[in-house]
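Structure first, commentary second.
One-based numbering, in listed order, for ligands and for the atoms of each. Index from 1, following the sequence.
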Amino acid sequence: MLDQIRIDELRNAPVSPFQHIIDGEKRDSSDGDVLNVISPLNGEVLTTMARGTVEDANAGIAAARRAFDDGRWSDLAPSARKKILMKWAALIEEQALEIAVLGVRNNGTEINMAIKAEPMSAANTIRYYAEAIDKIYGEVASTDPSVLALVHREPVGVVGAIVPWNFPLMIGSWKFAPALAAGNTVVLKPAETASLTLVRLAELALEAGMPPGVFNVVTGKGSVVGEAIGLSMDVDVMVFTGSGFIGRKLLEYSARSNLKRCYLELGGKSPNIVFADVPDLDEAVKVSANGIFRNSGQVCIAGSRLLVERCIHDEFVEKLAAFVETLNPGDPLNIKSTAGAVNSMSQLQQNLGFVEEARDLGRGIRTGGTRILEETGGYFMAPTVITGVHPRDRLATDEVFGPVLAVIPFDTEEEAVEIANGTDFGLSSAVWTSNLSRAHRMIRAIQAGVVHVNTYGGADTTVPLGGVKQSGNGHDKSLHALDKYLELKTAWIKL
Ligand code: NAD
């Protein structure tokens, strides 16, 4: 599917200014203001996008409210919604390469990952929920025969969605696809540094026949547009992926407004635990490296803490460093690149700050640790492996969200569990062992939403993704995600 010649044609195509999509129309901001969109590939202005005001956010919310209340979407038969959603997915797939290249120029993900993880994944997610929605039934409760008790499932109303920059289409579609399939309307705010492809998707939704006002995208600053959505009395449910810092703000907004439910998918510091009885050490080395370094480590479930049993630690680290040095981070529009750019200059500086702190503490920078390809003007960082990290170091407890791997040795299974659970997060994890009993013990003991065994990062729309502890609440993906967007209503009928 990936054709380097076509990608090279698209890489320099001019990009017109982007506007909001509100009530089925492209709109400028109410005050005409725009934000420059800087490409992380070269640090240059790619285009501009509307810098949303509170009025714009409210216009998007009002459009979603009207579209929900008049039933233009929620009153359609599920099969009719399904037809439009399926057409939307087909349009996204038809334009997948154009959308993926635009996304890469906007956020820096390597194209061979972006094509699968962004347009193709969004199309797949839309299809999954479109296919599911006419198979969801209500219930008849087993009550006393003198009554008939029914449990209906109804769309909740207006869904506010706020998403991050690492995989805007994949993560965005985990929210809007089940929400829309269930009959809700949506107002979505993308991240400042990855908005363009979500606006493009909203245009395609209209082309597929989605009624105006059902899916609105308002671009701009989180502190303005995001806050307005969070504080709105007209938004019924808030779904968010991003940092814990902003997740807390959303809970506050909810408390200060209408107590809207908030489902938060937050960060992680996921432990990848390798026991000495790992079935295939070379395989574990490669998969562990890919589990942290794809998309330059900007993956919520990245295995950013590598816990290795001490007796194989040196051999493992040796092989890991050798493998990492064969990776080829660089131009994300080159299909041979194994990782692309870091999303922004501030993210790059934050990543390098973690390395400096580890260096000051005397930890070993085994490979990487520096900005690379500076002459391109882009924000690239060498994949970095840091050894001798102490479980209480900031590098072991705080999310870097960059290509930096902290390696920590351990001696016993109990110690591995203690280190693994020793952060505020609980998103993902992995265990490498040939011992089936140990694998099951670890699945029980690790506090995380996902435990991989003898692999890292496998995923599918069919299984839920969510965190425990401060990695969030609620789940994206799978049929379980629909629970967030469908309200239960009891009908109690005396016979
Ligand atoms: P962020 O929290 O800074 O921003 C997320 C979104 O919130 C953006 O759209 C931003 O504009 C918006 N926002 C900012 N200020 C706001 C405010 N005051 N009110 C409302 N909205 C506001 O996160 P980020 O830097 O975009 O993304 C990285 C974070 O996302 C990491 O912590 C990462 O782990 C997390 N993440 C989690 C998952 C998951 O599934 N658990 C997936 C991907 C990323």
* To do: Report yes if the distance between the aromatic ring centroids of Phe215 and Trp88 is under 6.0 Å, otherwise no.
  =>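 Yes; Trp88 has its ring centre under 6.0 Å from that of Phe215.
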Please identify which atoms of ligand 1 are closer than 4.0 Å to at least one heavy atom of [X].
X	value
Gly226	19 (N), 20 (C), 21 (N)
Glu192	10 (C), 11 (O)
Val163	6 (C), 8 (C), 9 (O)
Pro190	9 (O)
Ile171	42 (C), 43 (C)
Gly267	32 (O), 34 (O)
Phe240	2 (O), 5 (C), 6 (C), 7 (O)
Glu227	19 (N), 20 (C)

* Select the closest option to atom 19 (N) of ligand 1 among Tyr253, Trp174, Phe425, judged by heavy-atom distance. =>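 It is Tyr253 that holds the nearest heavy atom.
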Looking at [atom], what's its closest protein heavy atom, distance included?
atom	result
atom 39 (C) of ligand 1	Cys300 SG, 3.3 Å
atom 35 (C) of ligand 1	Gly242 O, 3.3 Å
atom 33 (C) of ligand 1	Phe401 CE1, 3.3 Å
atom 6 (C) of ligand 1	Ile162 CG2, 3.5 Å
atom 41 (N) of ligand 1	Leu266 O, 2.6 Å
atom 17 (C) of ligand 1	Gly222 O, 3.3 Å
atom 26 (O) of ligand 1	Trp165 CD1, 3.1 Å
atom 31 (C) of ligand 1	Glu399 OE1, 3.3 Å

* Could you tell me whether Glu265 approaches ligand 1 through its side chain, its backbone, both or neither, with non-hydrogen atoms closer than 4.0 Å? =>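 Within the 4.0 Å criterion, Glu265 contacts ligand 1 through backbone and side-chain atoms alike.
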* Asked: Which one holds for Phe245 and ligand 1: side chain close, backbone close, both close, or neither close, with close meaning a heavy atom under 4.0 Å?
  ->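 Near ligand 1, Phe245 shows nothing, with every heavy atom at 4.0 Å or more.
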Flag the pair [X] and [Y] as a salt bridge only when some basic side-chain nitrogen lies within less than 4.0 angstrom of an acidic carboxylate oxygen.
X	Y	result
Lys249	Glu252	no
Glu357	Arg394	yes
Glu265	Lys477	no
Arg51	Asp31	no
Arg294	Glu110	no
Lys189	Glu192	yes

Please confirm whether [X] comes within less than 3.5 Å of ligand 1 when only nitrogen or oxygen atoms on both sides are compared.
X	result
Thr241	no
Ser243	yes
Lys221	no
Lys189	yes

Test item: side-chain donor near acceptor, [X] and [Y], under 3.5 Å:
X	Y	value
Thr376	Asn42	no
Asp56	Thr53	yes
Thr241	Lys175	yes
Ser337	Asp331	no
Ser195	Asn106	no
His452	Ser429	no

* Ala194 to ligand 1, any heavy atom closer than 4.0 Å ->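 Contact check Ala194 vs ligand 1: negative.
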* Asked: For ligand 1, is there an atom lying under 4.0 Å from some heavy atom of Phe167?
  ->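 Judged by the 4.0 Å heavy-atom criterion, Phe167 does not count as contacting ligand 1.
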* Asked: Looking at residues at least two apart in the chain, or sitting in another chain, which of them share a side-chain hydrogen bond (donor to acceptor under 3.5 Å, both in side chains) with Asp234?
  ->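 Partners of Asp234 by the side-chain hydrogen bond (donor to acceptor under 3.5 Å, both in side chains) criterion come out as none, since no residue qualifies.
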